[in-house]
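All remarks here apply to the structure that follows.
Values below: every heavy atom of this structure, side chains too, minus hydrogens, waters and symmetry copies. For ligands, and for the atoms within them, numbers begin at 1 and follow the listed sequence.
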Amino acid sequence: MKCLSCKKEGEIRVEVGSFCKECFIRYYERKVERIVKKFKMIVPGDRVLVAVSGGKDSSSCLFLLSKLKKKIGFELEALYIDLGMEECTNPRTEAIVKKLCRQLEVKLNILRMKEIVEKGIKEVARERRRPVCSVCGVVKRYLMNKYTREWGFNKLATGHNADDIVRFFFKNWLSGNLEWIAKLKPIVPSTHPKLVTRIRPLFECTEKENYAYASIRGFHFVSCTRCSYMLRKDKWREILEFIEKKRRGFKISFVKNLEKLEMRIPEKKLRECEVCGEPTNLKICSFCKMFRQGGKG
Ligand code: SF4
Ligand code: ZN
């Protein structure tokens with residue numbers, strides 16, 4: 001297959017077609033820069049914290065934002081959360097993250113679950129009979145928001161890709177979580193003084209594209225550790241691959257149309273958790289219920 005742009009021999013095959021390495025890098029970087037500017041994800045003077053896990057997506061996100069840093073004029077640091085679970089965060093992933101941050105000259109902040117609460121994620125999951133990933137999701141959302149704000153950043157960037165977005169869409173659509181679907185956007189503005197604005201610069205990039213980009217750029221990343229529990233259970237990956245095979249470009253068209261979708265879902269009013277003061281729509285936030293209180297609820 002020839003390169004879509006220059007018609008030389010194609011070396012990289014992604015959903016939209018083949019590219020030679022140079023044209024792919026150009027296509028990918030332009031795409032990310034365009035979406036960042038189109039949705040005013042980052043404006044001059046912003047302080048952006050990027051959540052990194054050692055995987056291809058968050059590493060690509062950090063790499064690209066470090067390239068855009070001077071162009072737009074914003075401050076950038078990284079955050080790595082040691083979840084205290086060998087399967088998901090371990091010395092190897094941490095070493096990879098440290099190396100990339102050193103190369104890019106980006107300051108890395110590390111949070112260790114063990115230093116914040118006594119209980120572990122797996123213990124809480126067992127106690128409450130919930131999937132490990134769902135407890136982990138609560139932890140990550142809580143810690144990322146709290147520390148992004150407390151450390152003085154106004155935006156939190158994550159490496160969510162188009163595959164993640166389409167998967168979240170269907171899962172939440174089928175379980176009727178329309179409020180979550182309304183938040184599947186490249187930028188989710190803050191709705192409470194203690195809630196930071198979240199941005200997803202790789203919203204229009206597929207997993208395959210991120211993999212290709214990370215490989216060509218030559219940074220080390222962990223291939224499947226990022227969400228090992230999730231991967232074992234998630235059938236959506238196969239379903240989406242099947243649709244993509246039948247209809248080329250499905251995922252990218254899907255997220256682009258999602259960007260335009262206007263949903264007026266009345267949001268639950270946020271208040272502050274009675275235990276920790278963090279924003280929540282409950283009396284006591286899910287994190288405190290799980291990690292700071294005993295029993296169910
Ligand atoms: Fe958390 Fe991902 Fe590990 Fe699940 S697989 S526990 S979501 S890091
Ligand atoms: Zn709380």
Check whether more than 12 heavy atoms from other residues, nucleotides or ligands sit under 6.0 Å from atom CH2 of Trp151, and answer yes or no.
yes
Run the numbers for me: atoms of ligand 1, each under 4.0 Å from some heavy atom of Met85, listed by number.
6 (S)
What atoms of ligand 1 come within less than 4.0 Å of a heavy atom belonging to Lys140?
1 (Fe), 2 (Fe), 7 (S), 8 (S)
Check: Phe153 ring centre within less than 6.0 Å of Tyr147 ring centre
no
So if I count the atoms of ligand 1 from 1 in the order they appear, which ones are less than 4.0 Å from some heavy atom of Cys88?
3 (Fe), 5 (S), 6 (S), 8 (S)
Spatial distance of atom CG (Asp46) from atom CG (Asn154) [nearest 0.5 Å]
4.0 Å
With sequence neighbours excluded, tell me which residues meet salt bridge (Lys or Arg N to Asp or Glu O under 4.0 Å) with Arg141.
none
Do other residues, nucleotides or ligands put more than 12 heavy atoms under 6.0 Å from the CD atom of Glu118?
no
Heavy-atom contact under 4.0 Å between Leu83 and ligand 1?
yes
Take atom CZ of Phe242 as the centre, draw a 6.0 Å sphere, and report whether it contains more than 12 heavy atoms from other residues, nucleotides or ligands.
no
Hey, is atom 4 (Fe) of ligand 1 within less than 2.8 Å of some N/O/S atom on Cys136?
no
Consider ligand 1: state whether an atom of it lies below 4.0 angstrom from any non-hydrogen atom of Glu87.
no
Is there a chain of hydrophobic side chains (I, L, V, M, F, W, Y, each step under 4.5 Å between heavy atoms) that links Val188 to Trp180?
no
Residues, nucleotides or ligands: over 12 heavy atoms within 6.0 Å of Lys194 NZ:
yes
Tell me, which protein N/O/S atoms are under 2.8 Å away from the Zn ion (ligand 2)?
Cys273 SG, Cys276 SG, Cys285 SG, Cys288 SG
What's the separation between atom CD in Glu127 and atom CZ in Phe291, rounded to the nearest 0.5 Å?
9.0 Å
